[in-house]
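See structure below.
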Amino acid sequence: MAEPALIQVLSDEELREIEEECSHLPDRKSAAIDAMMIVQRHRGWVSDESLAAIARLLGMSLESLDSIATFYNLIYRKPVGRHVVMVCDSVSCYVMGADGLRKKVEEHLGIELGETTPDDRFTLLPIVCLGACDRAPTMMIGDELIGDVRSDQLAEIFGRFE
Amino acid sequence: MAGQSVSRSQPSRRKRVLASMARVNIDGKDYELEAGQNLLHACLSERLDLPYFCWHPAMGSVGSCRLCAIVEYADEGDQRGRLQMACTLAARPNMRISIQAPFAADFRKQVIEWLMENHPHDCPVCEEGGECHLQDMTVMTGHSMRRYAGAKRTWRNQYLGPFVGHEMNRCITCYRCVRFYRDYAGGEDLEAYGSRARMFFGRQDDGVLESEFAGNLVEVCPTGVFTDKPFSKVYTRKWDLQSAPSVCPHCAVGCNTFPAERYGVLKRVTNRYHGEVNGYFLCDRGRFGSHFVNHEKRVRHAGVRGADGVFEANGAEAALANVAARCAGALVGIGSPRASLEANFALKQLVGEENYCPGVADDEHETLRAALEIYRKGGFRVPSVTDVERADAVLILGEDITATAARVALAVRQAVRGVAFDMAREAGIPEWQDAGVRGHGQAAQSPLFVATATPTRIDELATATRRGAANDLAGAGFGIAHAIEPSFASGTQDDFTAAAAKALAAAERPLVITGCEARSPALLRAAANVVWALRKQNKKAALVIAASEANSYGVALLGGGLNLAAALLRMREGEPALVLENDLFRRVPAGDIDLAHAVVLDSLETPTAEGAAVVLPAATYAEQTGTFVNYETRAQRFYQVFEPAGEVAPSWRWLAEIGKRRERAADWPNIDALTAACANGTEGLRRLTTLAPEAGFRARANTRIPRQPQRYSGRTAMLANVSVHEPKAPVDAETPLAYSMEGENAGDQPGAVVPYVWSPGWNSNQSVFKFQQEVGGPLAGGDPGVRLLDDESGSPASYGEPPATEQRNGTFLAARVHDVFGSDELAGYSAPILERAPAPYCILNPDDARELGVADGGGVRIEELDASVQVRVDADVPAGLVAVAQGLPGGPLLTSHRVRLAADADFTPRSGGDPNVIAKG
């Protein structure tokens, strides 16, 4: 099946979790997204090496897996900081001043969209909708959803994430 | 006139005969459309101009580009209607739709505008310009002013190998490339990446596209993302290319092609639609193999070997006088399966049947004769490529069809989807709803059983595979036949044969595919038994027997009284010989060949030509008109594309000249007369007379059919570097085609004489629908060619006992491997193909390799052949068998069924392609 050398890229823990996912599915390829999310949870992102190992493990082509990886903007194919900051730019947030908020966040962190702070603390990305339009403008840091964001709160908000 | 009697195929391809019709009102006019067919397909079949991108006639609809918008009205009173995508809407009786309504027309214009946002303004330097579907659609929808002034997204392009260029910035995200490459052709290394406005189509990283059908991306892509790389190096706009209807010379499938020329250089080959053979697609060997026509080792002048051993070119007359003096008495004639039927016939007439040899090795000749015997016994209609697509269970016995008949392998890939179509039908999903059919069918596949000596590319689709040497596989074939019909001779019984027999017997249209590459008549007989056993069960079973050269079946049908061994013996005894377009070193050991008295007619300086006493410069297939007979025994005419330089002439012309200087004079004033003589003088070839329109045929308005498009430019200046005086255009007295832009290529002439596709407003190859009876159906004037053997009647007696399994006796059983790139002789002279050709190799089981003390990539010596080759270790090759690649440049010729092997410690691996040759290409 798979070439041991390539799969060794993955840790025993990752392999165990991926096999656990596969055991629930009729077809190993169906675990593609879960497998990438598992690796991302352990490593923060999915490198070319990890991608190749997962492809081998699931019996699919590298092209096919990368096609899935690149479709989802929450699967990171480049290294990210410890906390990923996602500022919503969808309609409700736009109406409520998302553009201005994004600029303030950029100023505060000293980076632009798609960049990571030099101390690897934050990566800033846009997102289409966080499903919290009633609390627009919104952003998300790691797993934490923050609504009704005002720019004067930014120092306090980012201070909570080390 | 012959043109009137060209066979017209029944429009059965899409089962249209059974389809009910629906009266649909389009823009106020009633049309009878095929009920249930998608409206885009149906409108195009009516030759209406409805723009589209993502739909493809062979791949169906996905509704992703939104360009084919039309308005559908609820009833006569409905003035507003609603927007629909024509490709995703089925034609129903009493529908009212509009293509021209401003609602739809404006929408289509808007779609183009947003698709064009990121499209660069590089048409003047883009290879697609002038034959670009995106250009055509942009003009057709009326989007003429660009409002978008922002930055365009840009990409880094990839290296995709020697065949296909990549320019991603031009992409409009229609998904056709991945739908062809991945979904249709089964390739795994081309994908769509990203989402929304950031879509990238390519490989994961730079590298050669693996699929042997990658070249079709050039035609499938509606704009210039994927381009023909060798063509780009010698680029000419479509409107400046001269082309003619032709037939691919690189295997026996007989795909129809358009070779195109300018300045005496064959610039490129594109697909020429044939409703029953190649449809819309070619393999890469066919598309990129023809650069041999421009090879620097072309023979351009007649040469006579002087006393000092060097060829002297003193003109055709001197050479012919030499030949006449040399060939006054008894004479051996060696024909060729890569020469035209006419040239072979002319040679046979010249030397006499008893002195004519078809020019294939004796074991190959015996195999071809066995194939013809089976076809003649009949009981089934030899399936066309389209028929292969419709088989509902397939057994491949002993032939790697991806290597020897690649287009058939592509058809098998469609056949295994049959069950998915059945599931879709039951679920009410139309056949053309591609995403729906694939989504519903998931991994469901019709049965495919592959029994071959070595692993093949199509194994990935197989229900089960089985490996063995030819006799072993023949035994399995007999076993399958016996399991289906117990009155037939028995053979090997195992899990594979039981499963294959069960699946084939359960199918309605089971298909068996075998071939001549193994040089085993027993294998063919086993395959025939399976088919006849199934016929006894009232199944519509049929058999394909592949062959490796364009005219293998042609020379087999011509017969001939001399075998190659006997012919070579007479040559060694000093008898003069005429060798027609044949490199004997590819067929028999060098020690058997004595060319001291040989007159060789060939287009290339092959080793045989280099050893000859006299060499006469023969035209390639692109420089002459002639006939090839494909594996179905379908005779197809290929037409001269351009006049060759130098003293080059069709071989049959040289033979006629030699004939005039001998007693056996034969007078063939033109190719029609020669074809007629061949038809009347050979049993089984009578139907050749209806092959294609004769020279006197005229298109509409009594005009000839032009090889050049109406916009052909530079006629007065293109040869000014040679002479400032405009040369007279060549006159074609042989065919209804003209070396001119004058005349009419309206598409209603017989399909055999359509020299290119082009229609007002449709400059790209998408214009082919204007040349068809209906989309995906036969050409308007009938699909070209005539099947020489076509006897479905009878219930032939089966063959007797299977051959005994060969014993190793301390040796290795040797199997022949054919490589899709490199094993074909002519393609081996084509620079881009050579770049893909592997170094000579053999394949061994890991245990055998270990015992021999050789690792993967190391070398073994084949004692009998006095040659060393690189080893590929593969656990899927049976122990005791060595598969030796044949026909690769510099590779050994396998001459026995058993060989002794030894590790070669001094072996240095050679690279496959010669980079110097590529640089010149």
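Residue numbers begin at 1 in each chain, while the letters A, B, ... track the order of the sequences.
- A distance-only check finds no donor-acceptor pair linking the side chain of A/Thr70 to the backbone of B/Tyr193 [under 3.5 Å].
- Applying the 6.0 Å contact sphere to CE of A/Met96 captures no more than 12 heavy atoms from other residues, nucleotides or ligands.
- Distance check: A/Phe71 CZ to B/Glu191 CD gives 12.5 Å after rounding to the nearest 0.5 Å.
- Closest approach of B/Gln204 and A/Asp48 over heavy atoms only: NE2-OD1, 4.1 Å.
- In this structure, A/Ser61 contributes its side chain and B/Glu188 its backbone to a donor-acceptor pair below 3.5 Å.
- A/His42 meets the side chain to side chain donor-acceptor pair (under 3.5 Å) test with A/Glu17; sequence neighbours excluded.
- Side-chain contact check for A/Asp27 versus B/Gln442: every heavy-atom pair is 4.5 Å or farther apart.
- Atom CG of A/Asp143 sits in a sparse spot, with 12 or fewer heavy atoms from other residues, nucleotides or ligands closer than 6.0 Å.
- At most 12 heavy atoms of other shown residues, nucleotides or ligands fall within 6.0 angstrom of atom CG in B/Asp495.
- Contact annotation for A/Leu65: neither backbone nor side-chain heavy atoms come within less than 4.5 Å of a heavy atom of chain B.
- Under a cut-off of 6.0 angstrom, the local environment of CZ in A/Arg160 is crowded, with over 12 non-hydrogen atoms contributed by other residues, nucleotides or ligands.
- Side-chain atoms of A/Ser67 come within 3.5 Å of backbone atoms of B/Ala192 as a donor-acceptor pair (strictly under, hydrogens ignored).
- With a 6.0 Å radius and a threshold of 12 heavy atoms from other residues, nucleotides or ligands, A/Asp119 has its CG atom above the threshold.
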